[in-house]
Amino acid sequence: MSNLTYEYIRRNKDIQTYINYADAALSTIGYTEHSNAHVERAAASAFMILTTLGYEQRTCELAEIAAYMHDIGNVINRIDHAQSGAVMAFRLLDNLGMPADEISLIVSAIGNHDEGTAAPVTPIAAALIIADKSDVRRSRVRSADGPFVPSTENLARDIHDRVNYAVERSSLYFSDDKKRIILDLTIDQNISSIMEYFEIFLDRMKLCRRAAEFLGVEFALHINGAVLL
């Protein structure tokens with residue numbers, strides 16, 4: 001087992017640089033925020049999922065590391081960023097002396113997190129999928145030329161901006177019996193309808209359901225108090 005901790009990875013200047021440059025690249029083309037706020041939230045959620053389900057502590061920490069590094073491939077290109085990010089993570093972690101068995105789990109999870117090609121091939125990959133796809137929130141919305149201004153015109157222009165901006169509250173938690181993992185959203189339907197949420201996120205929710213099933217639980221989606229999945 002490696003002595004590379006999540007805190008060490010989170011403070012590593014090279015990894016932090018790749019995260020910052022990847023987020024800056026996405027910012028220039030108007031994509032939602034993929035900065036520290038996103039990857040740290042994903043890391044916390046992935047850790048929570050596997051910890052709640054009783055996985056060994058190091059497995060939970062590897063999920064944190066995978067989630068923290070999962071979007072570095074965006075520094076190369078948004079297209080196939082999961083696969084390029086996995087290759088980048090391999091080089092970084094190998095140079096830091098992490099053993100091959102741990103690197104394998106991390107790069108497999110990173111390479112399988114994007115809904116176009118993803119599959120819950122390991123518990124770490126499954127936890128990363130759910131953690132990443134559940135991060136829907138207003139504060140992720142931005143414009144290519146600066147802060148997002150929520151005007152009627154701007155909200156009408158892009159359905160992704162509109163749906164994300166409509167999410168006033170988002171939380172991910174387990175049911176009391178730990179048989180369901182629940183994504184609980186509050187959506188302002190004056191900004192976006194629930195149907196629009198499904199229009200752009202249906203594939204992601206189906207992937208979350210597959211990931212949850214891999215972990216032996218159900219995935220549930222609650223929006224405005226209603227159980228939709």
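Basis for what follows: all heavy atoms, side chains included, without hydrogens, waters or symmetry-related copies.
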Check whether L105 and I129 end up in the same hydrophobic cluster, where Ile, Leu, Val, Met, Phe, Trp and Tyr are linked by side-chain heavy atoms less than 4.5 Å apart. no
Would you name the heavy atoms of I124 and A109 that are closest together and state the gap between them? CG2-CB, 3.6 Å
Kindly determine whether L228 and H222 satisfy side chain to side chain contact (heavy atoms under 4.5 Å, CB included), including the steps that lead there. CA-CA 6 Å; L228 300 181; H222 297 182; over 6 Å; no
Filter on salt bridge (charged side-chain N to carboxylate O under 4.0 Å, His left out), then keep only pairs touching residues 13-36, sequence neighbours left out; what's left? D23-R142, E33-R137, E33-R140
Applying ring pair (Phe, Tyr, Trp, His ring centres under 6.0 Å) as the test, list every pair that has at least one member in residues 96-142; sequence neighbours left out. H70-H113, H81-H113
For the atom pair SG (C60) and CD1 (I65), what is the distance rounded to the nearest 0.5 Å? 11.5 Å
Between L93 and E102, does a side chain to side chain contact (heavy atoms under 4.5 Å, CB included) hold up when you go through it step by step? CA-CA 9 Å; L93 297 173; E102 293 190 346; over 6 Å; no
Minimum heavy-atom distance N224-T186, with the two atoms named: OD1-CA, 3.3 Å
Drop me the distance from L185's CG to S171's OG, to the nearest 0.5 angstrom. 7.5 Å
Apart from M195 itself, what residues make up its hydrophobic cluster, given side-chain heavy atom links below 4.5 Å? none
State, to 0.1 Å, how close S108 and V121 come at their nearest heavy-atom pair, and which atoms those are. OG-CG2, 3.2 Å
Co-membership, hydrophobic cluster, residues L172 and V167, 4.5 Å side-chain: yes
Mind checking whether I9 and L62 sit in one hydrophobic cluster, side chains of I, L, V, M, F, W, Y counted as touching below 4.5 Å? yes
What closest approach, in Å, do S170 and S134 show between heavy atoms, and which atom pair accounts for it? OG-O, 3.5 Å
Any ion pair linking R10 and E64 (charged N to carboxylate O, less than 4.0 Å)? no
Joining Ile, Leu, Val, Met, Phe, Trp and Tyr whenever any side-chain heavy atoms lie under 4.5 Å apart, the cluster holding I182 also takes in Y173
Once salt bridge (charged side-chain N to carboxylate O under 4.0 Å, His left out) is applied, what residue pairs with a partner in residues 41-55 remain, sequence neighbours excluded? R41-D135
For residues D114 and Q83, is any side-chain donor paired with an opposing acceptor at under 3.5 Å? no
Which pairs with one or both residues in residues 73-93 pass salt bridge (charged side-chain N to carboxylate O under 4.0 Å, His left out), sequence neighbours excluded? none
My understanding is that only residues two or more places apart in sequence, or in another chain, count here; which of them pass side-chain contact (heavy atoms from CB on, under 4.5 Å) with Y8? L4, T5, N12, L96
What distance do I223 atom CD1 and L229 atom CG have between them, rounded to the nearest 0.5 Å? 8.0 Å
Which residues pass the salt bridge (Lys or Arg N to Asp or Glu O under 4.0 Å) test with R169, sequence neighbours left out? D184
Could you check if a side-chain atom of M69 sits within less than 4.5 angstrom of a side-chain atom of I19, using non-hydrogen atoms only? no
Work out which heavy atom in V136 is nearest to a heavy atom in N164; give both atom names and the distance. CG1-OD1, 3.5 Å
Heavy-atom neighbours of N95 CG exceed 12 at 6.0 Å: yes
Restricting to ring pair (Phe, Tyr, Trp, His ring centres under 6.0 Å), what partner residues turn up for F90, sequence neighbours left out? none
R180 and F174, any side-chain heavy atoms less than 4.5 Å apart: no
Throw together a table of side-chain donor-acceptor distances under 3.5 angstrom for residues 198-221, partners on residues two or more places apart or in other chains.
unit_1 : atom_1 : unit_2 : atom_2 : d
R204   : NE     : E115   : OE2    : 3.0

What I want to check is whether the side chains of E196 and S192 have a donor and an acceptor closer together than 3.5 Å. yes
Rounded distance (nearest 0.5 Å) linking atom CZ of R162 with atom OH of Y197: 15.5 Å
Enumerate the ring pair (Phe, Tyr, Trp, His ring centres under 6.0 Å) contacts for residues 13-33, please, sequence neighbours excluded, ordered by first and then second residue. none
For a 4.5 angstrom cut-off between non-hydrogen side-chain atoms, does I130 reach I181? yes
For the atom pair OG (S84) and CG (N74), what is the distance rounded to the nearest 0.5 Å? 7.5 Å
Start with the C-alpha distance between Q16 and N36, add both sets of side-chain angles, then the distance that settles side chain to side chain contact (heavy atoms under 4.5 Å, CB included), and finish with yes or no. CA-CA 8 Å; Q16 186 64 62; N36 277 332; 3.0 Å; yes
Under 3.5 Å, which donor-acceptor pairs do the side chains of residues 46-55 form with other protein atoms, sequence neighbours left out?
unit_1 : atom_1 : unit_2 : atom_2 : d
T51    : OG1    : F47    : O      : 2.7
T52    : OG1    : M48    : O      : 2.7

Consider only side-chain heavy atoms of I, L, V, M, F, W and Y, link residues closer than 4.5 Å, and tell whether I106 and I72 are in one cluster. yes
Shortest non-hydrogen pair, V39 vs H34, comes out as CG1-O, 4.4 Å
So do V141 and H160 actually touch side chain to side chain, heavy atoms under 4.5 Å? no
Sub-4.5 Å side-chain heavy-atom contact between I76 and M88: yes
